[in-house]
Every structure is written in structure tokens, then in C-alpha cells.
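Only this structure's heavy atoms are used, side chains among them; waters, hydrogens and symmetry mates stay out.
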Amino acid sequence: MSHNYATPLTPEKRLARVLARIPAPWGIHIERLPGVADTARWQARLDVPGQAAPAWTAPAPTMVDALEQAWRQARALLA
């Protein structure tokens with residue numbers, strides 16, 4: 001009998017998953033906001049070739065969360 005146990009995604013695995021989805025020609029900008037509470041201190045932006053530069057994401061608690069938000073914003077521009 002086989003078992004399918006889901007392993008939790010570590011921050012490293014989440015980051016690798018997001019980075020693998022972003023095409024190589026796209027620019028990645030990540031910024032840590034100084035003097036901001038830990039609950040919202042990261043912003044990100046993806047530069048998609050041929051598209052106007054999107055706005056920075058809303059502040060997020062982790063770098064990975066901000067990068068995932070930027071990925072969603074960039075996908076919405078292409079849709």
C-alpha cells in the first residue's frame with residue numbers, strides 16, 4: 001500500500017518554486033523597507049519585457065510572500 005504524505009513547504013522550497021516560474025528575461029526587484037514593522041517589510045516588482053513597469057507590491061511579511069505577489073501581478077498584466 002502506498003502513502004502520499006505531503007511535506008510542508010519550507011521558505012527555501014517556496015522561494016525555489018517561485019523563482020522557477022519567473023522567465024529568465026524578466027527583471028526581479030526585491031526591496032526590504034527600513035524602519036517598518038516585521039509584519040510588512042518586503043516589496044517586490046517584476047519587469048516584464050515589452051510591458052510598462054508594474055507598481056511595487058503591497059508590503060509583505062516575508063520576501064517570498066512579496067515575490068509571489070509580484071508574480072501574480074505580472075501574470076495579470078499578461079492575461
Taking all non-hydrogen atoms of both residues into account, name the closest pair between Leu77 and Ala52 and its distance.
CD1-O, 4.4 Å

So does Ala44 get a backbone contact from the side chain of Thr57, meaning a donor-acceptor N/O pair under 3.5 Å?
yes

Could you report the tightest heavy-atom contact between Pro11 and Val64, atom names first, then the distance?
O-CG2, 3.9 Å

Of all the heavy-atom pairs spanning Leu15 and Met63, show the shortest one and how long it is.
CD2-CE, 4.0 Å

Calculate, to the nearest 0.5 Å, the distance between atoms CH2 and CD belonging to Trp56 and Gln69 respectively.
12.5 Å

Rounded to the nearest 0.5 Å, what's the gap from CG on Leu9 to CZ on Arg14? Could you check?
7.5 Å

Going from OG1 on Thr62 to CH2 on Trp42, what distance comes out if it is rounded to the nearest 0.5 angstrom?
9.0 Å

Considering only distance and modelled atom types, tabulate donor-acceptor pairs under 3.5 Å from the side chains of residues 16-32, sequence neighbours left out.
unit_1 : atom_1 : unit_2 : atom_2 : d
Arg17  : NH2    : Glu68  : OE2    : 2.9
His29  : NE2    : Asp47  : OD2    : 2.5

For Pro54 and Leu46 the tightest heavy-atom approach is CG-O, 3.0 Å

Distance, nearest 0.5 Å, that separates CZ of Arg45 from CD of Gln43
10.0 Å

